[in-house]
Amino acid sequence: MLENTNVKTLDKVVVRFSGDSGDGMQLAGNIFTNVSAGLGNQVSTFPDYPAEIRAPQGSLGGVSGFQVSVGTGVHTPGDNCDVLLAMNAAALKTNCKFLKPGGVVIIDSDSFKEADLKKALYTTDDPIKELGINAQVVEVPVTTITKAALADSGLDNKSMLKCRNIFALGLVCWLFDRPLEAALHILKNKFAKKPAIFEANAKVLQAGYDYGHNIHASVNTYRIESPEPKPGVYTDINGNTATAWGLIMASEKCGRPLFLGSYPITPATDILHELAKRKDLGVKACQMEDEIAGVCSAIGASFAGDLAVTSTSGPGLALKSEGIGLAVMAELPLVVIDVQRGGPSTGLPTKTEQTDLMQALYGRNGESPVAVVAPASPTDCFDMAFEACRIAVEHTTPVILLSDAFIGNGASAWRIPTADEYPAIKTPDIPVDMLADGSWKPYKRTDNLGRYWPMSGTDGAQHRLGGLEKDVVSGAISTDGANHEKMVELRREKIARIANDIPALEVMGNPDSDTLLVGWGGTYGHLRTAAEELCRQGKPVAFAQFRYINPLPANTGEVLARYKKIIVAELNTGMFADYLQCRYPDAHILRINKVQGQPFSVSEVVERTEKLMED
């Protein structure tokens, strides 16, 4: 066998899996990601789901993609890929635009017949030439080899075809020198109750890997340089799962049971799924009949003393608004998770946007302030879910966690933390002496203006709360105008004081720049990488990403005042830019906006930032 000399050594590589929505591209991509994360590689993924639930097989509308970047210094899934796996003609046509010149294309030649080309709207019988692809093309009869490998398995034709994605995974694992043992372990767990299916997938995984060895002299392979990882247990984790686990950690740290009242909605449903599996950790997850029932059940749980959460996306947040207002009036801890998607109305359920910001800040009747936070990455979802719970409990307020479909569905490598890495959450229990002398009242306040939060059944703490305005101390219904104004100001000031209890805004990049690139939430990876690229090009720019939205970090005004130009990049028409401009009218705020249901690419942020810096 010839020695392979076509080895590229890179600090990071990007792979894009693409095929029909039933071809298992998300599974293959997730396994590859998990294997890489287990090796200590940094990873970032972008599952690109089709907009249609089940488009016709082989059609352009039914293509599902999964892109992953693996290596060192990885903050995004990458603008373009080094390797494109296309399981059919439609997948090649819709995804070839993401391929780097000179990259590698792997196609299932069995799925490029005349009928396949016709379905994908090709006009010639040479798709590579028609699409103008400049790459190494590896034509592999994936379907034929898969069926041959499983000829004696006893599986029917349909079941054998479902293994094509695992053959392709084996080939990609060979291409990047990934060990099959880790992939086999994942498959064994997945098909634990179906040993025949596991054996079939294990066989085709090895067949794909072996096929790579047989062609190794004719195609580039890749060696990925990685730093020595911090000791610990690593896995890949998507944002929704990290959010669920962060809630569980918060429950442990505050000593209150976790309750989730939720209604399924894309792309937030996985949080409900994950928590429903955690009864062993004392989690109570209830699928309610609608969004309103979801938030109201959570409010009931908070009345009773549970750490209460409800999860949703934009349309559900609108339906929950009256319930959130009740939690504001009752001043109860409540975490509302909004995994944002394209809107309005049903909008683009499988696509990402940051268009719920104003709804989160102001989308309730009356003066109804709540805290708002936003995770910056899939792994940061764990930390910010924990932080949302901490703020909600310690300040007795609703907190809205603004995630989005990009980081909710996307994954990053994560070192599983230990419990002692996170602080205790201080529940505002009623002091024993107040209960003893009867001085406790429902709206008697703590030092940070929060209420005390008694557990249901606490002796001496019987009380009633509802949606009507309360007396400033006793909690009795009050229609007095002066009392109402005082309560409005107290609720507002309570949220404002949270600024004293959150980290200061950090600035990265060139400290001598007169331009600050600003983002919030899940755009972090793309904006940070763009800022680093601009600095490498000798175009100094500083960078700051907001994870705390209401209140803003206490040093926000001081930071913004240091820069002549502040460029706010966000996946909406300028909501956060408007928010900052309103609070800091002297700041020179410019905008980069995108509302296409897709995340930023690094190149477009670089290009548009350069233009704004030059103007």
Side-chain angles (χ1 to χ4, degrees), residues 354 356-363 367-376 380 383-384 387-388 390-391 394-395 397-402 447-450 488-524 527-528 530-531 534-535 540-593 605 609 612-613 615:
Q354 292 182 300
D356 295 345
L357 178 60
M358 289 304 181
Q359 181 180 205
L361 289 168
Y362 306 116
E367 294 284 349
S368 189
V370 301
V372 180
V373 299
D380 192 43
D383 289 334
M384 294 311 288
E387 187 70 347
R390 184 190 68 81
I391 292 170
E394 295 186 352
H395 296 266
T397 179
V399 179
I400 295 178
L401 177 75
L402 282 178
D447 292 341
N448 63 11
L449 295 185
V488 166
E489 290 301 328
L490 278 170
R491 290 189 289 259
R492 184 180 181 186
E493 177 62 19
K494 180 174 74 168
I495 298 301
R497 289 192 184 186
I498 295 172
N500 301 322
D501 192 30
I502 59 177
L505 180 65
E506 294 184 11
V507 178
M508 295 171 276
N510 191 313
D512 300 321
S513 171
D514 59 8
T515 299
L516 178 68
L517 180 62
V518 166
W520 67 275
T523 58
Y524 167 78
L527 302 188
R528 174 177 173 175
L534 286 163
C535 289
V541 61
F543 167 60
Q545 190 80 0
F546 284 83
R547 298 156 69 229
Y548 297 87
I549 308 297
N550 190 39
L552 293 164
N555 66 330
T556 298
E558 180 270 322
V559 169
L560 298 184
R562 299 203 302 257
Y563 299 92
K564 294 179 181 178
K565 290 183 178 180
I566 298 155
I567 302 172
V568 180
E570 50 188 324
L571 299 176
N572 56 45
T573 56
M575 294 181 182
F576 191 62
D578 289 345
Y579 180 61
L580 287 179
Q581 191 73 80
C582 178
R583 279 158 175 69
Y584 306 100
D586 294 333
H588 183 200
I589 294 180
L590 304 170
R591 301 151 192 262
I592 297 175
N593 303 115
V605 176
T609 302
L612 290 171
M613 291 173 71
D615 288 346

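When reading the values below, keep in mind they use all heavy atoms of this one structure, side chains included, and skip hydrogens, waters and symmetry mates.
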Is there a side chain to side chain contact (heavy atoms under 4.5 Å, CB included) between Val518 and Ile589 once you walk through the steps? CA-CA 10 Å; Val518 166; Ile589 294 180; over 6 Å; no

Between Arg390 and Asp383, does a salt bridge (charged side-chain N to carboxylate O under 4.0 Å, His left out) hold up when you go through it step by step? CA-CA 10 Å; Arg390 184 190 68 81; Asp383 289 334; over 6 Å; no

Arg583 vs Thr556, test: side chain to side chain contact (heavy atoms under 4.5 Å, CB included). Steps then yes/no. CA-CA 10 Å; Arg583 279 158 175 69; Thr556 298; over 6 Å; no

Please determine whether side chain to side chain contact (heavy atoms under 4.5 Å, CB included) holds for the pair Asp578 and Met358, giving the CA-CA distance in whole Å, both sets of side-chain angles, and the decisive distance to 0.1 Å. CA-CA 10 Å; Asp578 289 345; Met358 289 304 181; 4.3 Å; yes

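Considering all non-hydrogen atoms of both residues, Val605 and Ile592 come closest at O-CD1, 4.3 Å. Shown here for Ala554 and Ala499, the closest heavy-atom pair between the two residues is CB-O, 4.1 Å. Smallest separation of non-hydrogen atoms from Val370 and Ala360: CG2-O, 3.8 Å. The nearest pair of heavy atoms linking Met508 to Tyr524 is CE-CE1, 3.9 Å. Scanning all heavy atoms of the two residues, the minimum distance from Gly574 to Asn593 falls at N-ND2, 3.3 Å. Contact between Arg547 and Ala376 at its shortest, heavy atoms only, is CG-CB, 4.3 Å.
At least one donor-acceptor pair closer than 3.5 Å links the side chain of Glu570 to the backbone N or O of Ala577. Remark: the backbone N or O of Pro375 is not paired with any side-chain donor or acceptor of Asp380 at under 3.5 angstrom. A donor-acceptor pair under 3.5 Å is absent between the side-chain atoms of Asn550 and the main chain of Val372, judged by distance alone. Distance alone, capped at 3.5 Å, places no donor-acceptor pair between the Glu493 side chain and the Leu449 backbone. Between the side chain of Gln545 and the main chain of Gly521, a donor-acceptor pair closer than 3.5 Å is present. Under a 3.5 Å cut-off, the side chain of Asn448 and the backbone N or O of Glu394 do form a donor-acceptor pair.
For Tyr584, there are no ring-ring contact (aromatic ring centres under 6.0 Å, His included) partners, not counting sequence neighbours.
Counting heavy atoms from C-beta on, the side chains of Leu357 and Ile549 come closer than 4.5 Å. Looking at Phe546 and Pro553, their side chains come closer than 4.5 Å, going by heavy atoms from C-beta outward. Residues Tyr548 and Ile391 meet the side-chain proximity criterion, which asks for heavy atoms closer than 4.5 Å. The side-chain heavy atoms of Tyr563 and Asp514, taken from C-beta on, include no pair separated by under 4.5 Å. When side chains are defined from C-beta on, Thr515 does not count as touching Leu612, because their heavy atoms never get closer than 4.5 Å.
Note: Leu517 CG to Leu534 CG = 8.0 Å, rounded to the nearest 0.5 Å. Atom CD1 in Ile400 sits 8.0 Å away from atom CD in Gln359 (nearest 0.5 Å). To the nearest 0.5 Å, the span separating CZ on Arg528 from CZ on Phe543 amounts to 8.0 Å. The structure places NE2 of His395 at 5.0 Å from CD1 of Ile498, a figure rounded to the nearest 0.5 Å. For the atom pair Met613 CE and Lys565 NZ, the distance stands at 8.0 Å (nearest 0.5 Å). To the nearest 0.5 Å, atom CD of residue Gln581 and atom CG of residue Asp586 are 9.0 Å apart.
Within a 6.0 Å sphere centred on CZ of Arg492, heavy atoms belonging to other residues, nucleotides or ligands number 12 at most. Around atom CG of Asp447, no more than 12 heavy atoms belonging to other residues, nucleotides or ligands sit under 6.0 Å away. Atom CD of Glu558 is surrounded by more than 12 heavy atoms from other residues, nucleotides or ligands within 6.0 Å.
Using cut-offs of 30° and 60° for the angle between ring planes, the Tyr579 and Tyr362 rings count as perpendicular.
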